[in-house]
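All remarks here apply to the structure that follows.
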Amino acid sequence: NKALGFDRVYAQASTGKDDVARFYDSGGDDQLKASPNSTSLAGNGFYNQANGFNRTYAYSSGGDDVADLFDSMKNDEFVASADHGYLRGAGFFNKAIGFAQVHAHASEGKDDVARLHDSKTNDVFEGGPDSSSLRGTGFSNRATGFDRVYGYSSGGEDTAQLSGSTSSDRFYSWVGKSVLRGDGYYTDVRGFKEVQTDLVSGRDDVAYLYDSDMTDTYVGLGSRGIWQAGGFTSLINRLDRVRAFSQGGGADIAVLHASSTADFENDGSQAVLKDSQTRHEMNRFEQVSLDGLVDDAYLATLDHLFEFLP
């Protein structure tokens, strides 16, 4: 069956086990909305809708087309890359191909998972308790409301920017992998050369840092920390406590900048710098240096490194 010239077209599937619907865009800016039971594509002068299909595919050939994908009441998975994104779950599969923006919305499941993949150019991942996105040249993919979000960098100078909640959060940094988790959310980024984390002044936010088999360096100043390990860099802001572990084999170095009210203890295996608000704990570092207050030039350098902050 074929319908030509109609302003609105509706298709209904009710009996098949693998019914498939395909949507094609116009030359303008179009809007795709896909849920487990119904998918529509609309633009200037047309509206197409498919109900009850097991699989839907929508194709964008250009323009600023936007796709919104909605989850089911069960656990679903969203997967997106530079040229496509799909949301799948029990009994449905909806895929948007070539859209400039793909937004996936999770509200029902208890373990909805999003996986965001980079492009071949330099991209930016932004992750927070409620929403995460990965964007680059010509594309932007966003996941909202997902219980777990994973961001993947395959190379280039990709950057990840993570934001915590106002409750107690935990940040973990390994070589090539960082995790920020808190009440109701889990964000995992892998392969990013630089990870910028703002812990948002929660209650007892803690950063756990793990070294490589090379010589790694930690610099601590008040509520800020810089961790360089195995060619990867983590910039951490508004931390309450940091625990760094030297156990991979390199001659790791820590430089701690003390305020006039800070206490410093070093028993050879553990060095701790603490004041009324922060605690920097270095475990089994080869060298720990304690410096006093820094000058304006050094502070300006730090401010430049942390310029990603709002």
Ring-plane angle category for His103 and His105, please: parallel below 30°, perpendicular beyond 60°, tilted otherwise.
perpendicular

Please list, chain by chain and in numerical order, all residues satisfying side-chain hydrogen bond (donor to acceptor under 3.5 Å, both in side chains) with Asp267, sequence neighbours excluded.
Ser269

Expected output: side-chain His280 to main-chain Gly222 donor-acceptor under 3.5 Å
yes

What I want to check is whether the side chains of Asp198 and Gln161 have a donor and an acceptor closer together than 3.5 Å.
no

Got Val102 and Phe78 here, is their nearest side-chain heavy-atom distance under 4.5 Å?
yes

Could you tell me if the side chain of Tyr10 sits less than 4.5 Å from the side chain of Arg8, heavy atoms only?
yes

Run Lys110 and Asp147 through salt bridge (Lys or Arg N to Asp or Glu O under 4.0 Å) and show every step you take.
CA-CA 7 Å; Lys110 294 183 179 180; Asp147 304 282; over 6 Å; no

CG-CG distance between Asp204 and Asp240, expressed to the nearest 0.5 angstrom
6.0 Å

Indicate yes or no for a side-chain donor-acceptor contact from Asn75 to the backbone of Asp111 under 3.5 Å, with no hydrogens or angles considered.
yes

Are Arg115 and Tyr150 in a cation-pi contact, defined as NZ or CZ under 6.0 Å from the six-membered ring centre and within 45° of the axis?
yes

Give, for atom CG of Leu87 and atom CZ of Phe146, the distance between the pair rounded to the nearest 0.5 Å.
5.5 Å

Dump the intermediate steps for side chain to side chain donor-acceptor pair (under 3.5 Å) on Asp68 and Gln31, then the final yes or no.
CA-CA 8 Å; Asp68 284 290; Gln31 173 78 52; 2.7 Å; yes

How long is the span from the CD atom in Glu286 to the CG atom in Asp252, to the nearest 0.5 Å?
8.5 Å

What pair of heavy atoms forms the shortest contact from Ser38 to Asn51, and how long is it?
OG-OD1, 2.7 Å

Smallest separation among heavy atoms of Ser178 and Val195, with atom names
OG-CG2, 3.8 Å

Are any of the side-chain heavy atoms of Asp130 and Tyr185 separated by less than 4.5 Å?
no

Over 12 foreign heavy atoms within 6.0 Å of CZ, Arg181
no

By side chain to side chain contact (heavy atoms under 4.5 Å, CB included) - contacts of Thr39 (at least two apart):
Phe23, Leu32, Ala34, Thr56, Asn94

What side-chain donor-acceptor pairs closer than 3.5 Å can you find for residues 228-236, not counting sequence neighbours?
unit_1, atom_1, unit_2, atom_2, d
Ser234, OG, Ser173, OG, 3.2

Under the side chain to side chain contact (heavy atoms under 4.5 Å, CB included) test, which residues partner Arg243, sequence neighbours left out?
Tyr208, Phe245, Glu281

Same hydrophobic cluster for Ile97 and Val20, using side-chain heavy-atom links shorter than 4.5 Å among ILVMFWY?
yes

Between Asp29 and Asp64 (side chain of the first, backbone of the second, donor and acceptor by atom type, cut-off under 3.5 Å), is there such a pair?
yes

Spacing of Asn283 atom CG and Asp211 atom CG [to the nearest 0.5 Å]:
10.5 Å

Surrounding CG of Asp183 (heavy atoms of other residues, nucleotides or ligands, distance under 6.0 Å), is the total greater than 12?
no

Report yes or no: does Asp65 contribute a side-chain atom to a donor-acceptor pair with the main-chain N or O of Asp30 at less than 3.5 Å?
yes

So do the side chains of Asp216 and Trp227 get within less than 4.5 Å of each other, counting heavy atoms only?
yes

With no hydrogens and no angle check, is any side-chain donor or acceptor of Asn54 less than 3.5 Å from a backbone partner on Asp19?
yes

Within 45° of the six-membered ring axis of Phe93 and under 6.0 Å from that ring's centre, is NZ or CZ of Arg55 located there?
no

Taking side chain as C-beta onward, heavy atoms only, is Thr187 less than 4.5 Å from Phe125?
yes

Flag yes if Tyr152 and Leu180 sit in one hydrophobic cluster, no otherwise; membership is Ile, Leu, Val, Met, Phe, Trp, Tyr, and two members link when side-chain heavy atoms are under 4.5 Å apart.
no

Would you say that more than 12 heavy atoms from the other residues, nucleotides or ligands in this model lie under 6.0 Å from the CD of Gln277, or not?
no

Should the heavy atoms of other residues, nucleotides or ligands under 6.0 Å from CD of Gln247 be counted, would the total exceed 12?
yes

Applying side chain to side chain contact (heavy atoms under 4.5 Å, CB included), can you list everything that pairs with Thr121, at least two apart in sequence or on another chain?
Ser119, Asp123, Thr137

Sub-4.5 Å side-chain heavy-atom contact between Val242 and Tyr218:
yes

Would you compute the distance between atom CG of Leu162 and atom CG of Asp188 and round it to the nearest 0.5 angstrom?
9.5 Å

What distance separates Asn48 CG from Tyr24 OH, expressed to the nearest 0.5 Å?
12.0 Å

Path from Leu199 to Tyr210 over hydrophobic side-chain contacts below 4.5 Å:
no

Testing the 3.5 Å rule here: is there a donor-acceptor pair between the side chains of Gln49 and Tyr47?
yes

At their closest point, which heavy atom of Phe92 faces which heavy atom of Phe70, and how far apart are they?
CE1-O, 4.4 Å

Using modelled atom types and a 3.5 Å cut-off, is there a donor and acceptor pairing between side-chain atoms of Asn122 and backbone atoms of Glu157?
yes

Heavy atoms, side chains only, cut-off 4.5 Å: are Ser153 and Lys193 in contact?
no

Salt bridge (charged side-chain N to carboxylate O under 4.0 Å, His left out) involving Glu126 - partner list, sequence neighbours excluded
Arg135

